[in-house]
Visitor: 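The structure is given below, and queries will be raised subsequently.
All values below were derived from every heavy atom in this structure, side-chain atoms included, with hydrogens, water molecules and symmetry-related copies excluded.
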Amino acid sequence: MNFITKTILLVMTFSAFLAVFQLLLKSESVRHQAINLPSKQKKEIFQVILRDKEESIPDFVTRFKTKSFELWENADRLKMEIKY
């Protein structure tokens, strides 16, 4: 094969690779948008549990245990919303 034919084949191969790569990127963005839509509708805001300066440590521990247990009970719903 001559130089022009090899160049044309190389450019065509590179163009096909770029087209497939663009389709892959497009499908990834569409997939992430489809996954994120249902989670935004169900999303709940969980507050950080902090101790007030006036609150005693035993009272804080009791309150922390109850809040932690509530989060543990709702863990099945949260697993769907947590993205790594």
Side-chain angles (χ1 to χ4, degrees):
M1 290 204 280
N2 60 13
F3 178 72
I4 295 173
T5 308
K6 288 181 181 179
T7 305
I8 290 173
L9 286 175
L10 180 67
V11 169
M12 289 175 61
T13 304
F14 188 67
S15 298
F17 171 75
L18 288 179
V20 170
F21 188 67
Q22 286 179 346
L23 288 174
L24 177 68
L25 290 177
K26 180 78 171 176
S27 67
E28 283 289 318
S29 65
V30 168
R31 187 179 69 150
H32 284 296
Q33 289 173 356
I35 290 173
N36 290 338
L37 288 178
S39 65
K40 287 182 182 176
Q41 295 168 352
K42 298 177 185 177
K43 191 172 186 179
E44 294 181 24
I45 299 173
F46 293 97
Q47 299 293 329
V48 176
I49 303 170
L50 298 176
R51 184 173 79 88
D52 297 330
K53 291 182 181 180
E54 300 85 26
E55 186 178 23
S56 67
I57 293 177
D59 292 338
F60 170 72
V61 170
T62 305
R63 186 169 59 90
F64 183 80
K65 284 180 183 178
T66 58
K67 293 286 186 179
S68 298
F69 186 72
E70 289 174 9
L71 288 174
W72 178 74
E73 284 181 323
N74 297 329
D76 292 335
R77 286 189 299 149
L78 292 174
K79 285 181 185 174
M80 296 174 58
E81 298 176 11
I82 296 174
K83 306 290 183 217
Y84 296 102

Visitor: With a 4.5 Å cut-off on side-chain heavy atoms, are Lys67 and Phe64 touching?
Guide: no
Visitor: Identify the two heavy atoms, one from Ser27 and one from Leu24, that lie closest to each other, and give their separation to 0.1 Å.
Guide: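 For Ser27 and Leu24, the tightest heavy-atom pair comes out as OG-O, 2.8 Å.
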Visitor: Might you confirm whether atom CG of Leu25 has over 12 heavy atoms from other residues, nucleotides or ligands at distances under 6.0 Å?
Guide: yes
Visitor: Rounded to the nearest 0.5 Å, what's the gap from CD on Glu55 to OG1 on Thr62? Could you check?
Guide: 9.0 Å
Visitor: Quick one: closest heavy-atom pair of Asn2 and Thr5, and the distance?
Guide: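 Closest heavy-atom pair between Asn2 and Thr5: OD1-OG1, 2.6 Å.
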Visitor: Do Phe17 and Leu9 share a hydrophobic cluster (ILVMFWY, side-chain heavy atoms under 4.5 Å, transitive)?
Guide: no
